[in-house]
Amino acid sequence: MYPTVADVLALPVLRHGRPKVVAGGQKLDTRVRWVHVAEVADIGHLLKGGELVLTTGIALPDDAAQLAKYVDGLAEAGVAGLVVELVRHWSDALPRALVDAAARHELPLITLSRETRYVAVTEAVNGLIVDAQVAELRAAEHVHQVFTQLTVAGAEPAEVLREVARMTESPVVLETLAHEVLAYDSAGTDPAELLTGWPSRSRTVHLGERTGYHADAGWLVTVVGARGHDWGRLVVVCDEPPPDRHVVVAERAASALAVHRLVAREADSLERQAHRAVLAELMTSPAPSTELLARASALGAVLSGRLVGVAVRPRMTASQRQAASAPTVLRDLAETVSLATRRAKVSALVAVVDDVSVRALLSLSPQANADAVLRRLSAELRARPTSVPAVVAVGTVVDSAADARRSLVEAAHVAAAALRSDTDREVHRLQDVRLRGLLHLLADDERVRAFAERELGPLLSRDAASGTRLVQALRHYCEHGGNKSAAAAAAHTSRTAYYQQLARIEQVLGVPLEDPESMLSLYLALLAHDLFDDHPNR
């Protein structure tokens, strides 16, 4: 907002006086808050600091000790500099004591060899300062209007950060208090360079105030939170101390982010949104980019070692999944899984990635026992109360981020297959779900659907037309390995009635049920039908 001493010396009215810097040249970037003409030797105690003092020197003593005392008083007051006209008192050069004292304090000391109208200097410089103050006020008002509009419009964090980056022309990062990156805008710089090693770098930056500049890190930091609950920090990366308007931008952005979190309570948390974005890109990218790996690392999940995909799926009925409460169940479950990973001391990306399950990608340390980690995670999940029971399924342990998609997809297939299993395992794996797991892996193959429809089509049509329950009778028969008595008991039907149903099934399908291949083929068709019944759009 204020011009520097160098800016003032560049003004035509001062250039006319032929200014010469005789001491303190290293501090010409000092800001000038005001210009003050003073022909008084004892002036220091009357100043506030930041003034550029102009004098002809006519009232200054020639005594070396008194001159040093004069400069000491100016330095103690914090003036920006001293300008002395070499016309009335000293004509050739300043006394050595005056120059030495200024050099000792690194106080800019400038001489003018020609008579200069100081009133014109004060008008020019103070006019600059007033104009800058007015511009700063207008800029602050513009910042207020922009972020008020963003707040009212319910702008997402990415949009708020984009505006911060535009106004400050600097990279900006929103992080949790645990130093995990929730969102960022690199302002045209390399995102990987911005995010690499972020958590460890951020942990070294401590401020004793809500907003402040950390010179060593080159960060302008402001705390984000509302109603006494702080949950994050907004960091503007800037090598130089920021101007006041950038501080205003950061604080108004922090307020907009805090309001967004209060209003968007029904949506995923910012942390889950950030995790979901990385997981979604991992699921679609054949070769993860350096930026993506840096983003994951900034979220606390290093993807350079062993990885394992996890799917946690609540046991909800079709009607529950269609209910308005289903998204809430999944959001709560995602937070539960995230908390469980932290308590199990394993870094992970956790998010709701579809409308039926929570996915997690665990990053295992080199010495970690994968089975032990998964059992610990399952135990933590079982210890946390949830609204519905859930199935925990895992994929294959892989050694690179490029294979993370395979592990995540496997986990999802295993979870879907395990939903219909009566086995209450801590963790379900591909080998545990056997035939169901194979069918889920082949679920996108249209030939599987065609096979199920071909095997069961006539029976499904008969049930639909006549209101019979032949498909259910067939299911009991297959699930009990062809034991008619056990199947009749499971169907809560008399043997005579159940045998009649089996005879009708053989008549409709035209196959003998006691033939092992027929029973196997029909049971496989039933499992495939269940799969497509759960996911009709697959």
Side-chain angles (χ1 to χ4, degrees), residues 178 180 199 271-272 275-276 278-283 285-288 292-293 295-314 333-354 357-384 386 389-419 421 423-438 440-441:
E180 295 179 357
E271 185 178 3
R272 296 284 74 74
H275 284 220
R276 182 172 63 241
V278 174
L279 283 173
E281 195 164 337
L282 279 172
M283 295 286 290
S285 301
L292 181 63
L293 297 178
R295 284 164 57 193
S297 177
L299 286 168
V302 179
L303 303 185
S304 58
R306 293 185 301 151
L307 307 170
V308 59
V310 177
V312 183
R313 184 161 172 172
L333 184 58
E335 296 298 339
T336 300
V337 173
S338 177
L339 179 59
T341 59
R342 289 195 291 269
R343 293 177 66 90
K345 298 180 180 180
V346 56
S347 60
L349 297 170
V350 180
V352 178
V353 296
D354 51 37
S357 66
V358 173
R359 303 279 184 93
L361 183 63
L362 308 187
S363 177
L364 305 175
S365 61
Q367 68 275 15
N369 181 296
D371 290 338
V373 170
L374 291 168
R375 285 196 301 270
R376 195 161 65 242
L377 174 62
S378 177
E380 288 292 343
L381 282 173
R382 288 170 179 259
R384 313 300 298 180
T386 56
V391 166
V392 180
V394 301
T396 304
V397 176
V398 297
D399 295 321
S400 70
D403 294 324
R405 179 185 182 278
R406 174 165 63 88
S407 187
L408 287 165
V409 170
E410 281 185 6
H413 287 317
V414 173
L419 277 179
S421 172
T423 306
D424 186 24
R425 297 179 183 273
E426 288 185 344
V427 177
H428 294 265
R429 295 174 174 80
L430 193 59
Q431 61 266 33
D432 298 328
V433 292
R434 307 177 74 185
L435 189 56
R436 293 180 191 272
L438 174 64
H440 276 274
L441 290 175

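If you read the sequence from its start, that first residue is 1, and numbering goes on from there. Since the structure is predicted, the reported quantities are computational estimates derived from the model, not experimental observations.
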Rounded to the nearest 0.5 Å, what separates atom CZ in Arg429 from atom OG1 in Thr396?
10.5 Å
With distance as the sole test, does Ser363 use its side chain to make a donor-acceptor pair with the main-chain N or O of Ala301 at under 3.5 Å?
no
Provide the closest heavy-atom pair for Ala311 versus Ala415 in the form atom of the first, atom of the second, distance.
CB-CB, 3.9 Å
Which heavy atom of Arg306 sits nearest a heavy atom of Gln367, and at what distance?
NH2-C, 4.4 Å
Answer yes or no: is there a side-chain heavy-atom contact under 4.5 Å between His275 and Leu299?
yes
Between atom CZ of Arg405 and atom CD of Glu410, what is the distance when rounded to the nearest 0.5 Å?
11.0 Å
For a 4.5 angstrom cut-off between non-hydrogen side-chain atoms, does Met283 reach Val353?
no
Which pair of non-hydrogen atoms, one from Pro288 and one from Ala402, has the smallest distance, and what is that distance?
CD-CA, 3.8 Å
Contact check, side chains of Leu374 and Val310, non-hydrogen atoms, under 4.5 Å
yes
Inter-residue atom distance Ser304.OG - Asp399.CG, 0.5 Å rounding
11.0 Å
Determine whether a donor-acceptor pair (N or O, by modelled atom type, separation under 3.5 Å) exists between the side chain of Arg376 and the backbone of Ala344.
yes
Is any side-chain heavy atom of Leu307 closer than 4.5 Å to a side-chain heavy atom of Asp403?
no
Do Arg406 and Val409 have side-chain heavy atoms sitting under 4.5 Å apart?
no
Among Arg343, Arg375, Arg342, salt bridge (charged side-chain N to carboxylate O under 4.0 Å, His left out) partner for Glu380
Arg343
Pair Leu377-Leu362, side-chain contact (heavy atoms from CB on, under 4.5 Å): steps then yes or no:
CA-CA 10 Å; Leu377 174 62; Leu362 308 187; 4.0 Å; yes
Shortest non-hydrogen separation from Leu333 to Pro314 and the atoms involved
CD2-CD, 3.7 Å
Using side-chain heavy atoms (C-beta onward) and a distance below 4.5 Å, is Leu349 in contact with Leu282?
yes
For the pair Asp354 and Arg313, evaluate salt bridge (Lys or Arg N to Asp or Glu O under 4.0 Å) and give the outcome as yes or no after the intermediate values.
CA-CA 11 Å; Asp354 51 37; Arg313 184 161 172 172; over 6 Å; no
Okay, side chain of Thr341, backbone of Ala348: is any donor-acceptor separation there less than 3.5 Å?
no
Closest non-hydrogen atom pair, Ser297 against Pro199
O-CG, 3.6 Å
Rounded at 0.5 Å granularity, tell me how far CG in Leu408 sits from CZ in Arg359.
6.5 Å
To the nearest 0.5 Å, atom CG of Leu303 lies from atom CZ of Arg295 at 11.0 Å
Exercise: identify the closest heavy-atom pair between Val394 and Val427
CG1-CG1, 3.5 Å
